[in-house]
Amino acid sequence: MRLLLSALFIALAVPVRAETALVAVATNFRPVVEALAPAFEGETGHRIELSAAATGKLAAQVEAGAPFDVFLAADTTTPDRLVSEGFADSESRFTYAVGQLVLWSANPAADLGDPTAALRAARHIAIANPEIAPYGKAAMQSLAFMGLPDLSDKFVTGENIGQTHALVASRAAELGFVAGSAVTDGTGTGWTVPADHHDPIRQDAVLLAHGEGNPAASAFLAYLRSDAARAVIARFGYTTAP
């Protein structure tokens with residue numbers, strides 16, 4: 001009887017058929033998904049594989065037929081567009097994180113007490129491509145808010161926010177606008193850009209048409225909304241929607 005009950009418990013705890021979902025994830029959120037994956041896979045038996053890039057680049061790949069099942073964008077407008085184009089399920093969409101923009105220097109002695117003066121004094125400022133990266137768009141809005149729309153000759157541009165962070169970390173640029181989640185280890189010097197300097201960086205998740213019927217894709221989206229996942233997301237410096 002004991003063996004029978006054990007076998008029954010295992011059958012109930014593990015999905016009848018474990019599947020794999022291919023997740024397209026905005027670069028800023030990749031470390032978080034990598035941290036979530038072991039617990040998700042242990043809890044559900046399903047697996048996820050990741051493809052990380054700038055949100056605009058991933059969306060272009062979806063529109064070109066890339067077999068992604070889930071999209072974790074760094075904005076809300078891109079999932080909007082994919083839903084309207086028939087590439088994603090509107091019912092599945094939700095905000096999984098709200099990002100934070102930080103002006104950051106890899107130099108721990110850098111003086112960011114007056115961020116406007118620091119930006120004017122810098123020779124090179126790293127910024128993500130605002131055409132495809134929401135954090136780059138937020139950076140441009142912040143510069144306009146600060147009355148600094150004329151610094152484009154100093155820009156060194158990353159294709160995504162990860163490359164932008166690398167430009168500052170390598171000191172190719174003295175300063176750069178990066179995701180707060182990338183500097184939670186306390187290295188260098190940072191100034192958190194006030195929230196009223198730019199539109200909220202709400203990051204939406206959505207089930208893509210390719211993922212419909214894939215239990216791993218649906219399970220991963222459900223897991224993102226769990227208390228356990230929200231705690232990990234917060235640990236990386238994001239806030240979460242109610």
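The basis for the numbers below is simple: all heavy atoms, side chains too, and nothing from hydrogens, waters or symmetry mates. The residues of the chain are indexed from 1 along the displayed sequence.
- Counting only distance, with no hydrogens or angles, the side chain of Thr44 and the backbone of His46 share a donor-acceptor pair below 3.5 Å.
- Listed by first and then second residue, the ring-ring contact (aromatic ring centres under 6.0 Å, His included) pairs involving residues 47-96 are Phe29-Tyr96 (not counting sequence neighbours).
- Ile201 and Val183 fall into different hydrophobic clusters, where Ile, Leu, Val, Met, Phe, Trp and Tyr residues are linked whenever their side-chain heavy atoms come under 4.5 Å apart, directly or through other members.
- Cluster membership for Val70 and Val32, using ILVMFWY side-chain heavy atoms within less than 4.5 angstrom, is shared.
- The shortest distance between side-chain heavy atoms of Trp104 and His165 falls below 4.5 Å.
- Residue pairs meeting the side-chain hydrogen bond (donor to acceptor under 3.5 Å, both in side chains) criterion with at least one member in residues 176-198, sequence neighbours excluded: Ser181-Tyr238, Asp185-Thr187.
- Between Phe220 and Val23 there is a side-chain heavy-atom pair separated by less than 4.5 Å.
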For residues 128-140, dump all side-chain donor-acceptor pairs below 3.5 Å to protein atoms at least two apart in sequence or in another chain.
residue : atom : partner : partner atom : Å
Asn129  : OD1  : Glu131  : N            : 2.9
Tyr135  : OH   : Gln203  : OE1          : 2.8

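- Residue pairs satisfying the side-chain hydrogen bond (donor to acceptor under 3.5 Å, both in side chains) criterion with at least one member in residues 141-155, sequence neighbours excluded, are listed as follows: Gln141-Asp199.
- For Glu19, the side chain to side chain donor-acceptor pair (under 3.5 Å) partners two or more places apart in sequence, or in a different chain, are Arg17.
- Here the closest heavy-atom approach between residue Gln100 and residue Gly237 is recorded as OE1-O, 4.2 Å.
- Here the side chain of Glu43 pairs no donor or acceptor atom with the backbone of Ala39 at under 3.5 angstrom.
- Scanning for salt bridge (Lys or Arg N to Asp or Glu O under 4.0 Å) contacts around Asp80 gives Arg93, with sequence neighbours left out.
- A side-chain hydrogen bond (donor to acceptor under 3.5 Å, both in side chains) with Asp204 holds for exactly one of Thr95, Thr76, Thr78; it is Thr95.
- Note on Val98: it does not cluster hydrophobically with Val193, by side-chain heavy-atom contacts below 4.5 Å among ILVMFWY residues.
- Here the shortest heavy-atom pairing between Ala35 and Val232 reads CB-CG1, 4.2 Å.
- Once rounded to the nearest 0.5 Å, the distance linking CG of Asn28 with OG1 of Thr164 reads 11.0 Å.
- Contacts of Thr77 classified as side chain to side chain donor-acceptor pair (under 3.5 Å), with partners at least two apart in sequence or in another chain: Asp75.
- Side-chain contact between Asp89 and Val83: absent, with no pair of heavy atoms (C-beta onward) separated by less than 4.5 Å.
- The CD1 atom of Ile127 sits 10.5 Å away from atom CG of Leu103, with the distance rounded to the nearest 0.5 Å.
- By the ring pair (Phe, Tyr, Trp, His ring centres under 6.0 Å) test, Tyr223 pairs with Phe40, sequence neighbours left out.
- We find the CG-CG distance between Leu58 and Leu82 to be 10.0 Å, quoted to the nearest 0.5 Å.
- Put simply, CG on Leu22 and CG on Leu50 are 8.0 Å apart, with the number rounded to the nearest 0.5 Å.
- Leu167 forms part of a hydrophobic cluster together with Val156, judged by ILVMFWY side-chain heavy-atom separations under 4.5 Å.
- Note that the CG atom of Asp69 and the OG1 atom of Thr20 stand 9.0 Å from one another [nearest 0.5 Å].
- By the side chain to side chain donor-acceptor pair (under 3.5 Å) test, Glu174 is found to be paired with no residue, residues two or more places apart in sequence or in another chain being considered.
- Every side chain to side chain donor-acceptor pair (under 3.5 Å) that Glu34 has, sequence neighbours left out, goes to Arg30.
- Considering only heavy atoms from C-beta on, Leu119 comes within 4.5 Å of Leu175 through its side chain.
- The minimum heavy-atom distance between Asn160 and Gly162, with the atom names listed, is OD1-N, 2.9 Å.
- Side-chain atoms of Ile48 and Glu41, non-hydrogen and from C-beta on, do get closer than 4.5 Å to each other.
- Across Ala18 and Gly45, no two heavy atoms sit closer than the pair CB-O, 3.2 Å.
- Contact detail for Ala179 and Ile161: the closest heavy-atom pair is N-CG1, 3.6 Å.
- With sequence neighbours excluded, the residues that form a salt bridge (Lys or Arg N to Asp or Glu O under 4.0 Å) with Glu63 are Arg81.
- Rounding to the nearest 0.5 Å places CZ of Arg225 at 8.5 Å from CG of Leu221.
- Put simply, the side chain of Leu224 reaches to within 4.5 Å of the side chain of Leu72, judged on heavy atoms.
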